[in-house]
Undergrad: 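Take this structure first; my questions come after.
By convention in this document, chain letters (A, B, ...) are assigned in the order of the sequence lines, proteins followed by strands, and residues within each chain are numbered from 1.
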Amino acid sequence: MTNEQIAGMFEQLADLLEIQGANPFRIRAYRSAARTIKSTADSFAALVEQSADLTQFSGIGKDLANQVAEVVTSGTHPKLDELRQEVPSGVVDMLRIPGVGPKKVAVFFKTLNLTTLDELKAAATAGKLSELKGFGKKIEQSILDNIDQAAEAGQRVSISVARPSAEVIVDDLLKLDEVTQASVAGSCRRRKETCGDLDVLVTSSDHGVPMDALADHPLVESVLQRGETKQRVRLSSGIELDLRVVPDESFGAALQYFTGSKEHNVVVRQRAKDRGLKVNEYGVFRDDEQIAGATEEDVYAAVDLPWIPPELRENRGEIQAAESDSLPELLTIEQIKGDLHMHTTASDGAGSILEMAEAAKARGLKYIAITDHSKRVSMANGLDADRLRSHWDDVRQANEQLKGIELLCGVECDILEDATMDLDDDVLSEADWVVAVLHYGLRQPRDQIMKRLMCAVTNPHVNIIGHPTGRLVGRRDGADVHMTELLKAAADNGVMMEINAHPKRLDLDEINAAAARDLGIPIVISTDSHSVNGFDVLEYGVDQARRAGLGKGDVANTRTWAQFRKLLK
DNA sequence: GCCGTTTTCGGCCCGACTGTTTTCAGTCG
């Protein structure tokens with residue numbers, strides 16, 4: 001049972017309790033525990049086996065600790081099963097309709113006995129919803145307008161899709177004479193892997209101007225809401241965007257507020273309260289007097305904290321670090337000197353060795369490793385020993401020709417389903433750099449997955465585990481990796497860990513990357529480029545590292561190759 | 001349901017927008 005699964009059960013429980021009208025703070029407790037479990041690197045299943053004290057984790061008390069133990073040992077949750085009996089899953093699906101929350105869902109279920117989205121749609125079409133007390137024609141129509149999207153609603157989009165749109169809109173709003181400041185906020189500013197929607201903030205002498213400009217923007221499909229200070233639109237890409245217009249003296253407070261995360265802000269506001277202050281999106285107030293708010297720095301200073309980088313604002317220790325003046329100096333993309341994972345036409349890449357090298361050099365990289373696939377990946381034209389040796393000859397020859405960049409002979413070697421390496425040790429021993437990866441058999445049981453990873457970690461020639469879990473963001477869970485065990489073995493055997501920068505992978509995630517760093521494992525951020533444009537994704541890997549709190553010293557490919565190779569076993 | 005050393009009870013962040021109301025509830029972020 002993975003942390004994700006345990007957290008998922010608590011989240012379902014919270015949804016069901018909400019529809020039943022349970023105590024909102026009890027519901028919050030379940031959500032908060034789910035969040036803690038999801039954002040912990042250690043496996044709760046393993047912790048239960050070791051009889052560890054789970055109440056050491058924030059938001060998990062005696063009762064929830066028992067529930068976790070029960071879930072892990074029995075695989076089921078009696079209270080959840082009971083609630084599922086009482087509330088059909090189709091009722092929970094109704095929560096995905098924008099504008100429909102637990103209270104309305106409860107009315108649909110309890111008074112009209114509607115149990116699926118289809119039944120709800122039929123009832124709305126027949127005009128039955130508007131006959132309910134507290135409901136009218138507008139709500140009914142809004143449900144009809146949105147119900148077909150309910151299946152897609154709530155789905156998050158990749159940061160690589162969301163962020164470019166938001167930045168174009170911010171740039172265009174900044175061109176308006178009436179707009180003085182503008183910024184992306186929300187999860188996009190925190191550089192999360194995915195965004196549920198976009199938040200954009202502007203200050204303007206005239207509220208109407210930026211709102212009109214947004215409504216007419218080529219990326220915008222329709223306006224969903226418009227008030228005095230807030231406008232919600234849908235982009236043609238399907239992403240929804242909130243625009244907020246605030247006065248200049250409130251820009252910092254609004255930016256802080258709308259950047260979130262919610263959990264981070266709760267702590268900031270509690271600190272304000274403890275100091276007799278109130279923080280809202282308009283500023284920091286003592287009684288009715290505004291004492292801060294023009295800049296984010298002022299807001300944090302008002303609660304006795306230094307400015308905290310948005311990537312860290314998740315209430316995962318950054319407040320304590322800020323308090324003790326030990327916030328990390330986060331990695332920047334300019335500090336990356338080499339890229340150690342990429343493909344060429346020798347396997348499934350689109351660029352030649354020289355094309356990839358020139359493109360890397362043009363981006364300021366000083367060294368790259370050519371790491372084409374090994375033979376098991378036949379679909380990608382993976383290389384056997386003979387082809388690989390001949391390919392390395394070409395790499396060495398290219399290295400002779402090129403000035404200003406160093407080329408390394410590498411390979412992305414599969415860890416086979418039977419826990420052996422796809423290439424023999426004598427071949428691997430000739431490589432400058434060996435990336436070991438799982439591609440096939442990701443659904444194998446944990447024991448076999450771990451056997452395979454241990455085979456790679458203990459191999460004397462393997463330098464790094466690439467995309468360690470094999471997950472695809474929002475599409476496929478990774479293999480059932482016992483991460484704590486893997487990281488410990490990697491640390492013991494001098495094996496590094498990759499943050500694969502491709503926005504579909506971002507693997508390790510920020511939780512596990514931080515856990516690796518804590519064990520002193522050098523992290524390498526790699527693009528896994530399959531073409532000369534593939535290097536573009538580096539920024540997403542850097543963002544992931546920043547969210548993990550990594551600095552220059554934690555990331556090995558900030559070093560020159562001469563320094564880097566001293567880290568190799 | 002969690003949390004805490006001023007508390008083991010009584011708190012738990014705050015405001016905008018919408019739609020349905022004649023002053024507020026629900027939803028959202």
Undergrad: OP1 or OP2 of B:dC13 sitting under 4.0 Å from any side-chain N/O of A:Asn265?
TA: no
Undergrad: Atom CG of A:Leu80 and atom CD of A:Gln85: how far apart are they, to the nearest 0.5 Å?
TA: 10.5 Å
Undergrad: If you check every side-chain atom of A:Asp197, which of B:dG29, B:dC2, B:dT27 has the closest atom?
TA: B:dG29
Undergrad: Map A:Glu240 and A:Lys137 onto DNA chain B by nearest heavy atom, then report which one ends up closer to the 5' terminus.
TA: A:Lys137
Undergrad: Indicate yes or no: at least one non-hydrogen side-chain atom of A:Asn280 is less than 4.5 angstrom from one of A:Phe285.
TA: yes
Undergrad: Across the strands shown, which category fits A:Phe258 at heavy-atom distances under 4.0 angstrom: base, sugar-phosphate, nothing?
TA: nothing
Undergrad: Counting C-beta onward and ignoring hydrogens, is there a side-chain heavy-atom pair between A:Thr332 and A:Arg546 closer than 4.5 Å?
TA: yes
Undergrad: Considering only atom P, compute the distance from B:dC9 to B:dC14 and round it to an integer number of Å.
TA: 25 Å
Undergrad: Would you kindly give the CG-to-P distance between A:Asn146 and B:dT18, to the nearest whole Å?
TA: 14 Å
Undergrad: Taking the side chain of A:Pro102 as its heavy atoms from C-beta onward, which of B:dC12, B:dT27, B:dC17 lies nearest to it?
TA: B:dT27
Undergrad: Does A:Gly283 offer a backbone N or O that forms a donor-acceptor pair with the side chain of A:Ser250 under 3.5 Å?
TA: no
Undergrad: If I pick the P atom on B:dC28 and the same atom on B:dT23, what distance separates them, to the nearest angstrom?
TA: 25 Å
Undergrad: What's the gap between B:dT7 and B:dC2 when it is taken at their P atoms, as a whole Å value?
TA: 22 Å
Undergrad: What is the separation between atom CG on A:Leu224 and atom C1' on B:dT27, rounded to the nearest whole Å?
TA: 15 Å
Undergrad: With a 4.0 Å cutoff (strictly under), does any side-chain N or O of A:Lys273 reach OP1 or OP2 of B:dC12?
TA: yes
Undergrad: Determine the Euclidean distance between corresponding P atoms of B:dC12 and B:dC17; express it in Å to zero decimal places.
TA: 25 Å
Undergrad: Answer with base, sugar-phosphate or nothing: what part of the nucleic acid does A:Ile60 contact at a heavy-atom distance below 4.0 Å?
TA: sugar-phosphate
Undergrad: How far does the C1' atom of B:dT8 sit from the matching atom of B:dC13, given to the nearest Å?
TA: 24 Å
Undergrad: Given the P atoms of B:dG10 and B:dG15, what is the spacing between them in whole Å?
TA: 26 Å
Undergrad: What's the CD-P distance between A:Glu263 and B:dG29, to the nearest Å?
TA: 14 Å
Undergrad: Select base, sugar-phosphate, or nothing to describe what A:Ser32 touches, counting heavy atoms under 4.0 Å on all strands.
TA: nothing
Undergrad: Can you check whether A:Thr229 has a side-chain N or O nearer than 4.0 Å to OP1 or OP2 of B:dC17?
TA: yes
Undergrad: So which nucleotide from B:dC14, B:dG19, B:dT18 ends up closest to the side chain of A:Lys138?
TA: B:dG19
Undergrad: In the structure I gave you, are the side-chain heavy atoms of A:Val91 and A:Phe108 within less than 4.5 Å of one another anywhere?
TA: no
Undergrad: Rounded to the nearest angstrom, tell me the gap between atom CD in A:Gln256 and atom C1' in B:dC13.
TA: 12 Å
Undergrad: CG of A:Leu243 versus P of B:dC28: gap in Å, rounded?
TA: 20 Å
Undergrad: Counting only side-chain N and O atoms of A:Arg232, is one of them less than 4.0 Å from OP1 or OP2 of B:dG29?
TA: yes
Undergrad: Which nucleotide wins on minimum distance to the side chain of A:Asn280, given the candidates B:dT20, B:dG1, B:dC14?
TA: B:dC14
Undergrad: Report yes if the side chains of A:Phe258 and A:Arg189 come closer than 4.5 Å at any heavy-atom pair, otherwise no.
TA: no
Undergrad: Rounded to the nearest angstrom, tell me the gap between atom CD1 in A:Ile143 and atom P in B:dG19.
TA: 12 Å
Undergrad: Rounded to the nearest angstrom, tell me the gap between atom CG in A:Asp145 and atom P in B:dT18.
TA: 15 Å
Undergrad: To the side chain of A:Glu228, which of B:dC2, B:dG15, B:dC17 is closest?
TA: B:dC17
Undergrad: How do A:Gln270 and A:Ser142 order along DNA chain B: which one's closest nucleotide is nearer the 5' end?
TA: A:Gln270
Undergrad: Looking at the side chain of A:Lys104, which of B:dG26, B:dA16, B:dG1 is the nearest nucleotide?
TA: B:dG26
Undergrad: Less than 3.5 Å between a donor and an acceptor, one on the side chain of A:Asp242 and one on the base of B:dG29, is that the case here?
TA: no
Undergrad: Mind checking whether A:Ser130 and A:Ile139 have side chains closer than 4.5 Å, heavy atoms only?
TA: no
Undergrad: Using the P atoms only, state how far B:dT27 lies from B:dT20, rounded to an integer number of Å.
TA: 13 Å
Undergrad: For the residue pair A:Ile511 and A:Lys38, establish whether any side-chain heavy-atom pair is separated by less than 4.5 Å.
TA: no
Undergrad: So A:Leu550 and A:Pro328, do their side chains get closer than 4.5 Å, heavy atoms only?
TA: no
Undergrad: How many Å lie between CG on A:Asn23 and C1' on B:dC12, as a whole number?
TA: 10 Å
Undergrad: Looking only at side-chain atoms of A:Ala29, point me to the closest of B:dG15, B:dG1, B:dC13.
TA: B:dG1
Undergrad: For DNA chain B, list all stems, counting runs of three or more consecutive pairs where every pair is Watson-Crick or G-U wobble with both distances under 3.5 Å.
TA: B:1-4 with B:9-12, B:14-19 with B:24-29
Undergrad: Assess, by modelled atom type and distance only, whether the side chains of A:Gln12 and A:Arg84 contain a donor and an acceptor separated by less than 3.5 Å.
TA: yes
Undergrad: State, with a plain yes or no, whether a side-chain heavy atom of A:Glu193 is found less than 4.5 Å away from one of A:Ile159.
TA: no
Undergrad: Looking across every strand, which nucleic acid part, if any, lies under 4.0 Å from A:Val268 by heavy atom: base, sugar-phosphate, or nothing?
TA: nothing
Undergrad: Report yes if at least one side-chain N or O of A:Lys278 is closer than 4.0 Å to OP1 or OP2 of B:dG15; otherwise report no.
TA: yes
Undergrad: Counting side-chain heavy atoms from C-beta on, which of B:dC13, B:dG19, B:dC2 comes nearest to A:Arg28?
TA: B:dC13
Undergrad: Could you work out the separation of B:dG19 and B:dG11 based on their C1' atoms and round it to a whole Å?
TA: 32 Å
Undergrad: As a test of the definition: with a 90° window around 0 for syn, would you call B:dT7 syn or anti?
TA: syn
Undergrad: Measuring from the side chain of A:Lys262 (C-beta onward, heavy atoms only), which nucleotide among B:dC2, B:dT18, B:dC13 has the closest atom?
TA: B:dC13
